[in-house]
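See structure below.
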Amino acid sequence: MPEESVRPLERGLAVLRALAAAEPGQLRVGDLVRATGLARATVDRVVTTLARLGYVRLHGQQLHLTPRLMELGNAYLAASGLTGEVAARTARLADELDESVSLAVPDGDGVRFVTQAARRRTMSVAFRIGDLLPPERCAPGALFADAWDAERWAAWRERMATGSAQEAYPALPPAPAPAGAPDLAERVAHARRSGWALDDQLIEPGLIAVAVPVRDTTGRVRYALSAVSHTSRHTAQGLAAAVLPRLRAEAEHLAGLSETEPRPTADGRAPALEVTASQAPTPEATDPAAAKHELGPGFLQSLARGLAVLRALGGARGGGLPLTALAEAAGLPRATARRCLRTLEAAGYAAHDGRLFRPLPRILELGHAALSGLTFAELAGPHLRDLADRVRQSASATVLDGTDIRYVARAATVRVMSVHITVGTRFPAHATAMGRVLLAGLPEEERERLLKAAPPRALTPRTVTDPAELARVLDRAAAEGHAAVDQELEDGLRSVAVPVRDAAGRVVAAVNVAQHAGTAPLSRTRDALLPALRATAAAIETDLHVAARFNTVRMS
């Protein structure tokens with residue numbers, strides 16, 4: 001590390017790498033001490049700081065990465081030119097080809113995935129956004145290695161001569177390289193001639209892939225676009241014949257999208273940073289000084305500032321950003337930002353061309369791969385547990401499934417009288433609080449279509465079934481942002497629910513607390529539960545917006 005490096009930032013990055021490399025929830029603070037070689041007091045302060053920033057959560061003695069940590073990887077993905085449109089097109093191409101489709105970028109002499117649209121089959125691709133593979137074991141490697149200089153080829157040959165790639169590439173399946181596989185140099189020559197590359201079971205038996213280059217305006221290979229399948233569906237050459245025309249057409253379109261990136265202005269300045277609500281740093285992350293005042297010596301302000309600089313690199317599209325713009329975006333003095341950037345550069349997370357700084361794909365190793373596979377239930381679960389602990393009642397999350405709600409996550413409490421529901425349970429939406437906020441979030445025409453297809457039926461004497469009255473109830477739920485139902489699903493059962501919205505403002509789920517009706521009026525129950533419910537929905541939305549910015553979060 002350079003003389004001016006920020007030591008707390010170095011140590012914080014080491015702790016994040018150790019957490020990302022471990023099985024979820026399998027590390028304690030003592031394990032981090034052994035994995036990093038840092039002193040226990042140092043690890044304690046790093047963990048305290050990361051927890052204050054919302055990047056780790058302590059559950060019992062176990063440490064867990066949180067979805068909010070993905071905002072670091074999102075900074076790289078945003079700066080790389082990846083957009084929601086690119087991710088959506090990749091998903092549509094996977095649907096069209098009925099095969100898994102991915103985008104990868106070069107990372108040193110490795111290949112790192114930045115978009116993955118997998119087909120949901122019994123046998124499917126398990127690589128995640130952020131996973132790193134060696135170039136000799138995948139199709140994109142032959143496309144990227146064509147740009148290597150002699151020094152990089154020499155380093156690669158030295159690595160090949162020293163043994164297994166498993167330690168450097170943990171995402172690689174634990175199996176030896178296939179015997180008789182073509183040498184990487186041969187595959188590079190073939191890719192140069194043909195314009196595409198093939199993986200014929202190089203990663204593991206049965207797995208095949210075809211990749212084509214996506215070039216930027218200079219002709220450099222920016223991404224590799226791949227279709228991945230299995231020998232039970234195609235031969236390697238058969239897959240190439242089936243997908244190459246469509247892959248090439250899509251690669252040409254994606255290359256055109258890169259031309260719309262922000263460029264420096266006429267006076268040579270970098271474009272202004274634009275931060276949307278879905279990518280804005282959390283309040284905790286924006287004010288390290290306040291956190292330092294609150295937590296004292298347990299909070300590493302230098303680590304928080306360094307991570308703020310890393311997030312600010314997300315605005316470095318179109319070649320990068322100068323120091324002044326990055327310091328301003330991070331809210332730091334230039335000297336502080338420069339020291340942080342030099343530390344990130346030395347650690348391999350940023351690059352500097354003498355004028356501009358930009359993030360590097362290695363940032364994705366900081367937990368992005370481990371978190372990119374989270375489902376909505378896994379994302380919402382910790383927040384539901386917090387809610388259940390706070391109100392001392394069971395809490396649940398559901399999605400709309402036709403005219404029913406379906407439970408996808410739940411945190412139950414143990415009481416003498418409690419509500420017993422399991423994940424997967426379905427109830428008619430019209431008679432539940434969660435169903436009403438979900439129906440209220442639909443466009444009016446779609447809501448009417450659903451209710452006409454399955455007219456509301458009475459489940460108790462209190463159930464609202466009159467279409468006009470139900471429409472008024474749903475309009476009120478939409479206007480007030482909540483719904484409360486008293487014994488309409490089952491005698492003695494009362495529920496209050498609020499919506500969960502995606503980054504575009506669409507209602508995608510609902511969160512509720514259900515309890516015995518008792519003798520108190522419904523308004524008292526509603527007023528008592530709403531603040532905690534709304535805080536929980538807001539916390540889930542924050543995590544969902546970060547996790548889903550460049551990634552598909554499976555809702556059920």
Side-chain angles (χ1 to χ4, degrees), residues 1-17 36 38-39 41-56 68-69 71-76 78-79 264 268-275 279-317 319-360 362-363 366-367:
M1 284 287 179
E3 288 285 333
E4 58 181 349
S5 65
V6 181
R7 302 300 181 192
L9 177 56
E10 293 175 25
R11 294 161 183 160
L13 294 170
V15 167
L16 284 174
R17 287 193 295 269
T36 61
L38 298 172
T42 298
V43 173
D44 283 338
R45 296 177 71 195
V46 169
V47 169
T48 296
T49 303
L50 294 175
R52 182 64 176 82
L53 296 174
Y55 290 162
V56 301
R68 196 172 299 181
L69 179 63
E71 68 185 13
L72 301 183
N74 285 351
Y76 163 73
R269 296 180 182 176
L273 279 72
E274 295 183 3
V275 181
Q279 71 191 80
T282 59
E284 296 93 332
T286 59
D287 193 1
K292 181 69 173 178
H293 178 75
E294 176 188 339
L295 297 175
F299 184 83
L300 295 172
Q301 190 174 25
S302 295
L303 171 57
R305 286 173 166 173
L307 295 178
V309 171
L310 195 156
R311 289 192 302 273
L313 284 166
R317 293 184 63 184
L321 283 173
L323 173 60
T324 301
L326 286 166
E328 182 179 353
L332 298 173
R334 288 180 80 259
T336 301
R338 180 175 56 79
R339 289 186 63 215
C340 292
L341 285 164
R342 292 304 186 193
T343 304
L344 293 170
E345 186 180 3
Y349 298 118
H352 184 225
D353 65 4
R355 188 174 70 90
L356 302 178
F357 291 90
R358 60 184 174 85
L360 294 177
R362 190 183 178 190
I363 291 172
L366 299 176

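Only a predicted model underlies this, so the values are computations on that prediction, with no experimental measurement involved.
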How many angstroms lie between atom [atom1] of [X] and atom [atom2] of [Y], to the nearest 0.5 angstrom?
X      : Y      : atom1 : atom2 : value
Leu72  : Leu16  : CG    : CG    : 7.0 Å
Glu10  : Leu38  : CD    : CG    : 10.0 Å
Cys340 : Leu332 : SG    : CG    : 6.5 Å
Leu326 : Arg311 : CG    : CZ    : 13.0 Å
Tyr76  : Leu366 : OH    : CG    : 13.5 Å

Can you name the salt bridge (charged side-chain N to carboxylate O under 4.0 Å, His left out) partners of Arg362, sequence neighbours left out?
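For Arg362 the salt bridge (charged side-chain N to carboxylate O under 4.0 Å, His left out) partners, ignoring immediate neighbours, are Glu365.
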Under the side-chain hydrogen bond (donor to acceptor under 3.5 Å, both in side chains) rule, what pairs show up with a residue in residues 321-337, not counting sequence neighbours?
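The answer is Thr324-Arg334.
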Leu313 vs Leu321 side-chain heavy atoms within contact, under 4.5 Å
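No; the side chains remain at least 4.5 Å from each other.
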Find out whether Leu9 and Leu344 are in side-chain contact, i.e. whether some heavy atom of one side chain is under 4.5 Å from a heavy atom of the other.
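Sidechains of Leu344 and Leu9: in contact.
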Quick one: which residue pairs count as a ring-ring contact (aromatic ring centres under 6.0 Å, His included) with a foot in residues 327-354, not counting sequence neighbours?
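Every ring-ring contact (aromatic ring centres under 6.0 Å, His included) pair that includes a residue of residues 327-354, provided the two are not neighbours, is His352-Phe357.
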What pair of heavy atoms forms the shortest contact from [X] to [Y], and how long is it?
X      : Y      : value
Val46  : Leu303 : CG1-CD2, 4.1 Å
Leu69  : Gly367 : CD2-CA, 4.1 Å
Pro359 : Ala75  : CG-O, 4.2 Å

If the condition is side-chain contact (heavy atoms from CB on, under 4.5 Å), which residues does Ala351 pass it with, not counting sequence neighbours?
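Residues passing side-chain contact (heavy atoms from CB on, under 4.5 Å) with Ala351: Arg358, Leu360.
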Keeping Thr36 on the side-chain end and Ala14 on the backbone end, is there a donor-acceptor pair under 3.5 Å?
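No; zero donor-acceptor contacts below 3.5 Å.
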If you apply the rule side chain to side chain contact (heavy atoms under 4.5 Å, CB included), what do you find for Arg52 with Phe299, and how did you get there?
CA-CA 8 Å; Arg52 182 64 176 82; Phe299 184 83; 3.8 Å; yes
With Arg11, which residues qualify under side chain to side chain donor-acceptor pair (under 3.5 Å), at least two apart?
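Once residues adjacent in sequence are excluded, Arg11 has no partner under the side chain to side chain donor-acceptor pair (under 3.5 Å) criterion.
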